[in-house]
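Structure first, commentary second.
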Amino acid sequence: MKIATFNINGIKARLPRLKEWLAETRPAVACLQEIKSQDEGFPAGEIEELGYSAIWHGQKAFNGVAILVDSQAGYTITEVQRGLGVDGPKDGEGEQARYLEAEVNGVRIACLYLPNGNPQPGPKFTYKLAWMEALRARMAQIWAEEVPAVVLGDFNVIPEDDDTWSVKAMQDDALMQPESRDAYARFLNDGWTDALRTHNPRGGVWTYWDYQAGAWQRDHGFRIDHILLSPECADRLESVGVDKAHRGREKASDHAPVWVRLKA
DNA sequence: ATGTCAGCGGCACGCTGA
C-alpha cells in the first residue's frame, strides 16, 4: 500500500502536474496540502476520471487539504474528522483548513498542513506552536485507538541540522526554531516513526526547494514534508521515497511528493 | 544583495502568504 503526501501549492495552477503524477506513480492514498481552493472549486470530476475518489477541506485563497484514494484499485475512504479546533492567529477569523482525517482500507490517515509560523516571534509563531500541541493531543487519541495509522503532510518543521542545505540561512526561520523542533521531537518521543529519517539516518534528503534565488538549480532545499507511522505501520514499512524529478518539471510546485510503501 | 509563485479583487497590479 503506497501512501503519499504532496504540497501542491494551488490545485488549479497544478492540476496538469497533479494528474501526471497520479497517473505515473499511482499511490493508493495521496494527501494534498495547499489546495488554495474553496470546497466548491475542487476539481473532483477530473480526479475521478483518473480513477481516484477524494474528500477535501478547503477555504478561500489559502491552505486547504485533501485526501485522494485509488478507487480503481479498490481503495475506499471514510472521513473521520476535519480540523483540530484551533482558531487562526487573527481575531475572529475562525479555524483554517489544515487537517483532514480518514479511514482507508483499515488504515487511519491524517493529512495535515501545519502553520508556517513566520515571522517569528509573533502571533503566527504562537499559532504554530498551539497547533502542534493540538495535533499531539489528536495523535494521542489515535494512538489510544490502536489502529494502524499514518500522520503525514507538510509539517513546516526542519527536524535536524542535516535536514537543510544551510543551517545558517535558516537559523532565524520559524521552521527550525528550538520550539518547533522540540514539538516535532515530542511526536517521535511519543512513539511515532519518521519514515524518511529511518531510511536516511544521515539526513541530506530534501522535500522542498524555494522558487527564489535558484534554489532548485543549486539544490538548496530542506526537509519539511514528513510521514509518521504508528508501530503497526512502522513494522510494515517496505520503502520510502521522494519524487524529486517532479520538482524539476515545468510549472512545478515548490514541494516534491514524498511516499511510503507498506507491506500488505 | 538579489533572484518566485499563486490567489485575490476586479480588470491593473499591489497585496498577502509562503
Side-chain angles (χ1 to χ4, degrees), chain A residues 5-21 31-43 46 56-66 86-99 111-132 135 153-159 163-166 168-177 179-181 183-184 206-226 244 246-258:
Chain A
T5 176
F6 189 7
N7 180 322
I8 56 172
N9 189 15
I11 198 162
K12 295 182 198 82
R14 210 68 59 218
L15 196 54
R17 291 290 85 83
L18 173 64
K19 290 168 73 173
E20 213 171 73
W21 173 69
C31 293
L32 308 181
Q33 301 86 35
E34 283 204 90
I35 62 173
K36 294 185 175 179
S37 163
Q38 300 193 78
D39 284 340
E40 53 272 27
F42 190 83
E46 296 207 50
W56 57 94
H57 181 202
Q59 73 176 71
K60 191 174 178 177
F62 304 115
N63 310 316
V65 286
V86 184
D87 283 336
K90 289 178 196 158
D91 283 343
E93 73 169 320
E95 184 166 15
Q96 300 180 349
R98 296 182 175 275
Y99 184 86
C111 170
L112 64 96
Y113 175 48
L114 215 142
N116 173 295
N118 281 305
Q120 72 79 31
K124 290 185 175 179
F125 189 60
T126 304
Y127 169 55
K128 175 184 195 142
L129 299 179
W131 208 93
M132 292 186 83
L135 175 62
D154 178 355
F155 282 69
N156 269 316
V157 176
I158 298 169
D163 288 315
T164 174
W165 66 280
S166 167
K168 196 180 168 203
M170 299 303 293
Q171 63 187 353
D172 296 325
D173 198 286
L175 275 54
M176 54 173 271
Q177 292 313 296
E179 295 94 328
S180 310
R181 286 184 163 181
Y184 185 81
W206 321 142
T207 67
Y208 172 92
W209 295 258
D210 202 280
Y211 287 125
Q212 298 189 65
W216 168 249
Q217 288 76 10
R218 298 168 189 217
D219 199 30
H220 288 180
F222 39 84
R223 186 173 77 98
I224 53 175
D225 300 274
H226 306 307
K244 187 174 172 179
H246 287 255
R247 175 62 183 83
R249 296 193 180 183
E250 283 298 308
K251 298 279 287 175
S253 170
D254 41 5
H255 296 249
V258 182

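We name chains A, B, ... by the order of the sequence lines, and we start the count at 1 in each one. Everything numeric here is computed off the predicted structure, so don't read it as measured data.
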Using atom [atom1] of [X] as one end and atom [atom2] of [N] as the other, report the distance to the nearest whole Å.
{"X": "A:K251", "N": "B:dC5", "atom1": "NZ", "atom2": "C1'", "answer": "8 Å"}
{"X": "A:D210", "N": "B:dT2", "atom1": "CG", "atom2": "P", "answer": "14 Å"}
{"X": "A:E250", "N": "B:dC5", "atom1": "CD", "atom2": "P", "answer": "10 Å"}
{"X": "A:Q59", "N": "B:dA6", "atom1": "CD", "atom2": "P", "answer": "19 Å"}
{"X": "A:Q217", "N": "B:dT2", "atom1": "CD", "atom2": "P", "answer": "19 Å"}

Ring centroid separation A:H246 to A:F6 under 6.0 Å: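 No, too far apart.
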Considering only the [atom1] atoms, how many Å lie between [N] and [M], rounded to the nearest integer?
{"N": "B:dT2", "M": "B:dA6", "atom1": "P", "result": "23 Å"}
{"N": "B:dG14", "M": "B:dG10", "atom1": "C1'", "result": "12 Å"}
{"N": "B:dA12", "M": "B:dG7", "atom1": "C1'", "result": "15 Å"}
{"N": "B:dC5", "M": "B:dA1", "atom1": "P", "result": "22 Å"}

Side chain A:R14, main chain A:K251, donor-acceptor under 3.5 Å: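 Yes; judged by distance alone, with no hydrogens or angles, the pair exists.
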Sidechain-backbone polar pair: A:R181 side chain, A:I158 backbone, donor-acceptor under 3.5 Å: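 Checking the backbone N and O of A:I158 against the side chain of A:R181, a donor-acceptor pair under 3.5 Å is found.
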Touch class at under 4.0 angstrom, heavy-atom based, for A:A13 against every strand present: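 Sugar-phosphate, backbone atoms only, no base.
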Sugar-phosphate only, base, or nothing, as touched by A:G10 at under 4.0 Å among non-hydrogen atoms: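 Counting heavy atoms under 4.0 Å across all strands, the contact made by A:G10 is with sugar-phosphate only.
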Nearest-nucleotide comparison on DNA chain B, the residue closer to the 5′ end among A:R218 and A:A61: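 Its nearest nucleotide being more 5', the pick is A:R218.
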Test log, rule side chain to side chain donor-acceptor pair (under 3.5 Å), inputs A:N9 and A:K36: CA-CA 7 Å; A:N9 189 15; A:K36 294 185 175 179; 2.8 Å; yes
Contact state string [nucleotides 9-18 of chain B, B base, S sugar-phosphate only, - no protein heavy atom under 4.0 Å]: S-------SS
A:I224 side chain near A:H255 side chain, heavy-atom distance below 4.5 Å: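 Contact flag for A:I224/A:H255 side chains = yes.
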Results of side chain to side chain donor-acceptor pair (under 3.5 Å) for A:Q177 - residues two or more places apart only: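 Expected list: none.
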Heavy-atom closest pair, residues A:A252 and A:Y211: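 Scanning both residues completely, I find the closest heavy atoms to be O-OH, 2.9 Å.
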